[in-house]
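Below is one structure, written out as structure tokens; the observations come after it.
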Amino acid sequence: MVMKMLVVKKMIIFMLPIFSLFLSLNGSHAKDFCVDTESKLYAALTNSQSNGSYDTIRIVTGIYNGNFIYASSEKYGLKIEGGYSQDCTSRTRNPSATVLDGNNSGSVLVVSVNKGVQIDIKNVTVRHGNANQGGGIYAYCGGIEDNTKCSISITNSIFTENSAGKGGGAYLDTYMNWSSFGAIVFDNNLITNNSADYGGGVFTNAFNSAEIKLINNLFLHNSSNGSGGGINTSSGLNGRTILYNNILAKNSAQHGGGAFLDHYDGDLYVINNDVIENSSTQTGGGIRLDMGVDDSRAFLHNNIIWENLSGSGNDIYIQNDWNNNYLPSLVRLLNNDFDKTHAGLYIQIPFSVHSSNLNANPLLIAPANGNFYLRKGSPCINAGNNNAPELPLYDKSGSTRIYSSTVDMGAYEYRAPFRSEFRSQATGDGWVLESAEASGKGGSFNKSGVTFRLGDDASNRQYRSILSFDTSTLPDDAIISEVKLRINKQNLVGADPFTSLGNIILDVRRGAFSNNDSLQITDFQAIVSMSKAGIIRSKPLRGSWYGCNLVTDAFKFINRTGLTQFRLEFITGTNKDRVADYMRFYSGNAGPAYQPELIVSYYKP
């Protein structure tokens with residue numbers, strides 16, 4: 001804490017220079033470390049354990065192998081930040097630039113303090129840990145002192161390929177006495193491909209008057225042998241647990257494939273999350289909720305819980321009478337989208353499900369490719385509850401949470417996407433004619449004509465054509481929601497090839513075919529990034545314009561740094577009638593009103 005004055009005995013006030021005012025939360029001077037090697041990181045952690053100060057360890061970008069431990073009984077906090085330049089004067093916020101690797105031989109990073117302190121960890125990648133608790137990170141703070149606060153905050157980090165008994169990616173624990181307060185904040189992290197017996201992604205444990213906040217995270221492909229494939233939370237007396245703007249997808253467990261929420265006492269809020277395609281072998285494919293004492297309460301609002309799979313309760317499993325006294329804890333389900341049938345929802349002591357809950361395909365753009373934005377026309381748009389408790393002000397992308405009059409369901413608010421239009425470039429597009437019937441190789445080409453050709457010639461040789469778009473103006477972080485390709489027919493030679501050769505298929509290449517921006521003969525057979533990225537059918541879109549939408553799997557091949565090229569051909573190379581049958585479409589050499597178009601719709605996070 002920076003202070004401009006200190007009050008001492010007899011109320012004498014001494015003005016101190018600003019550069020000497022770096023104080024810890026409890027009044028002790030702070031110490032900074034800049035580390036760029038494993039040995040310096042070890043030394044900084046060791047020194048910080050007992051130097052009587054609030055410490056900040058700044059880690060220079062790079063890979064650090066080892067098992068790094070900070071274990072202290074001091075009443076001072078610790079901050080660990082990755083992403084720094086060599087002299088620690090500047091920093092990137094990309095967590096993949098600073099990697100802590102545990103070599104599968106223990107927890108990668110341990111921060112354990114038996115006092116009420118503040119622990120902050122941010123901007124690091126933690127991988128290849130293997131431990132009993134906290135394969136990636138083990139963080140603990142607690143104590144028996146009165147009127148103290150224990151805080152663990154982990155933000156903007158990546159946890160991958162860690163394993164543990166509890167908390168494959170991270171194990172976070174606070175233990176305070178009755179007059180103190182604990183807090184866990186886990187914010188804007190990527191947790192993927194971790195495993196554990198309990199809490200494949202993260203396990204949180206808070207005892208006595210503690211708050212757990214899991215917000216803005218992506219849990220993907222984590223697994224648990226027991227409970228909580230993505231998340232396993234455990235809260236104690238007078239607990240408060242908040243989950244919002246999280247995405248839990250394709251996680252698995254025995255119980256609670258996406259999340260296992262063990263809520264003994266206090267209030268639990270699950271607001272505006274996406275829980276998609278998780279699985280469990282026994283209960284709660286999406287979420288399993290275990291309530292505790294009779295006056296514990298849970299509020300589930302504005303969530304999309306969809307296409308999860310389980311032995312009981314595909315989407316939601318609720319145990320609301322933990323002590324079997326026939327007095328169920330309060331669970332409120334409002335404005336969610338999930339399978340409301342017996343297969344999708346299990347409730348120990350049943351209650352009426354409110355009509356504000358939907359049972360409809362949420363129409364996410366491409367969840368299989370990690371795109372969980374809502375499509376235009378989604379039933380989840382404007383279908384949430386503005387009065388939901390703990391409603392976040394922003395969605396997972398950082399955009400204002402209520403965009404129109406009513407909040408949407410799920411982690412993202414729907415907005416009309418941005419749209420960029422590109423025209424095919426004349427130097428890179430044109431037709432290539434096969435060298436001989438069924439040779440599969442180019443023999444001649446033309447890149448100067450105002451049209452390109454698709455079909456075959458009188459020697460039963462196939463025409464293939466290349467379209468070339470400079471898509472480098474797309475933002476690097478663009479989240480593509482739709483890609484349309486449009487071509488304009490000039491005329492027809494011979495019979496309509498759609499009749500005898502089938503539809504036109506599109507292959508996409510991130511970058512240039514033959515690794516040359518200019519059209520080449522070898523573009524006929526050059527390797528593609530993805531085949532059959534789209535299909536153009538015989539019916540025009542309007543007038544003489546033909547086209548199609550690309551499949552979502554092709555979106556990742558739209559190049560943000562250079563050319564995106566397409567190779568077009570009819571499914572059948574030739575009808576073998578020794579007559580030229582081909583269509584002419586306008587190329588990049590034609591006037592702007594006729595040139596091929598690529599239309600990319602996208603969101604910016």
Side-chain angles (χ1 to χ4, degrees), residues 190-193 216-222 230 245-252 257-258 272-279 285-286 303-309 315 337-339 358 360-381 383 395-399 403 408-420 422 469 471 474-485 505-510 528-536 547-560 564 566 598-605:
L190 169 62
I191 309 95
T192 179
N193 293 308
N216 305 308
N217 302 292
L218 171 58
F219 293 86
L220 185 65
H221 291 294
N222 302 286
N245 291 348
N246 297 290
I247 297 172
L248 297 98
K250 298 184 182 298
N251 304 287
S252 61
N272 282 101
N273 301 280
D274 288 336
V275 185
I276 310 295
E277 296 181 5
N278 303 281
S279 63
N303 301 285
I304 298 174
I305 308 171
W306 196 251
E307 288 195 343
N308 302 284
L309 186 63
D315 286 334
D337 186 15
F338 62 92
D339 180 1
L358 305 179
N361 189 329
L363 297 181
L364 304 177
I365 289 175
N369 295 320
N371 190 332
F372 297 90
Y373 281 80
L374 299 172
R375 288 184 182 275
K376 182 179 180 180
S378 167
C380 298
I381 297 171
D395 71 2
K396 192 178 186 304
S397 70
S399 300
Y403 180 67
D408 299 337
M409 295 178 180
Y412 294 105
E413 284 285 291
Y414 173 79
R415 286 167 174 76
F418 295 92
R419 175 184 169 110
S420 292
F422 306 94
F469 302 93
T471 51
L474 287 170
D476 291 341
D477 57 353
I479 300 174
I480 295 174
S481 60
E482 186 177 59
V483 181
K484 300 177 180 179
L485 183 72
I505 58 173
L506 280 61
D507 297 335
V508 63
R509 168 84 176 199
R510 189 180 188 279
V528 304
S529 297
M530 180 182 177
S531 61
K532 297 182 180 178
I535 298 176
I536 297 176
C548 68
N549 287 16
L550 269 62
V551 298
T552 56
D553 286 346
F555 293 174
K556 58 180 171 288
F557 301 116
I558 302 300
N559 195 355
R560 275 81 159 175
T564 302
F566 295 90
L598 185 70
I599 304 168
V600 181
S601 300
Y602 62 92
Y603 297 93
K604 292 192 293 186

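The structure presented is a predicted model; accordingly, all values stated were derived computationally and were not measured.
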Side chains of K396 and D274: does their closest heavy-atom pair fall under 4.5 Å?
-> no
Report the C-alpha separation of D408 and C380 in whole Å, then their side-chain angles, then the decisive distance to 0.1 Å, and conclude whether the side chain to side chain contact (heavy atoms under 4.5 Å, CB included) test is met.
-> CA-CA 6 Å; D408 299 337; C380 298; 5.7 Å; no
Reported CG-to-CD1 distance for the pair L550 and I480, which is rounded to 0.5 angstrom | 9.5 Å
Distance from Y602 atom OH to D477 atom CG, nearest 0.5 Å?
-> 9.5 Å
The reported gap from CG in N273 to CG in N245 (rounded to nearest 0.5 angstrom) is 7.0 Å
Can you say whether the rings of Y373 and Y412 are parallel (under 30°), tilted (30 to 60°) or perpendicular (over 60°)?
-> parallel
Spatial distance of atom NZ (K250) from atom CG (L220) [nearest 0.5 Å] = 8.0 Å
Got a sec, which residues hit salt bridge (Lys or Arg N to Asp or Glu O under 4.0 Å) with R419, two or more places apart in sequence or on another chain?
-> E421
Minimum-distance pair of heavy atoms, taken over all atoms of T471 and L598 | CG2-CD2, 3.9 Å
L364/I304 under side chain to side chain contact (heavy atoms under 4.5 Å, CB included): CA gap, chis, key distance, verdict = CA-CA 10 Å; L364 304 177; I304 298 174; 4.3 Å; yes
N308 (side chain) donor-acceptor with S279 (main chain) under 3.5 angstrom | no
Residue pair F555 / V483, side-chain heavy-atom distance below 4.5 Å = yes
Please tell me if the side chains of F566 and V508 come closer than 4.5 Å, counting only heavy atoms from C-beta onward.
-> yes
From I365 CD1 over to S601 OG, what is the distance, rounded to the nearest 0.5 angstrom?
-> 9.0 Å
Search all heavy atoms of N222 against all heavy atoms of N251 and return the closest pair with its distance.
-> N-OD1, 2.8 Å
Could you tell me whether R415 and E413 make a salt bridge, using a distance below 4.0 angstrom between a side-chain N and a carboxylate O?
-> no
Residues R509 and S529: closest non-hydrogen pair is CA-OG, 3.5 Å
Residues D553, N369; criterion side chain to side chain contact (heavy atoms under 4.5 Å, CB included); working and verdict | CA-CA 7 Å; D553 286 346; N369 295 320; 2.9 Å; yes
Do N272 and D395 come within less than 4.5 Å of each other through their side chains, counting heavy atoms only?
-> no
Within-4.5 Å side-chain heavy-atom neighbours: P367 and F372 = yes
Could you tell me which non-hydrogen atom of N278 sits nearest to which non-hydrogen atom of G257, and how far apart they are?
-> CB-C, 3.9 Å
With side chains defined as the heavy atoms from C-beta onward, is the minimum distance between I536 and C548 less than 4.5 Å?
-> yes
N361 and W306, any side-chain heavy atoms less than 4.5 Å apart | yes
CE-CG distance between M530 and L506, expressed to the nearest 0.5 angstrom = 10.5 Å
Might you point out which heavy atoms bring G377 and L363 nearest each other, and give the distance in Å?
-> O-CD1, 3.7 Å
Residue pair T552 / N371, side-chain heavy-atom distance below 4.5 Å | no
Which pair of heavy atoms, one from N246 and one from F219, lies closest together, and at what distance?
-> OD1-CE1, 4.2 Å
Verdict with reasoning, V275 to N303, per side chain to side chain contact (heavy atoms under 4.5 Å, CB included) = CA-CA 8 Å; V275 185; N303 301 285; 5.8 Å; no
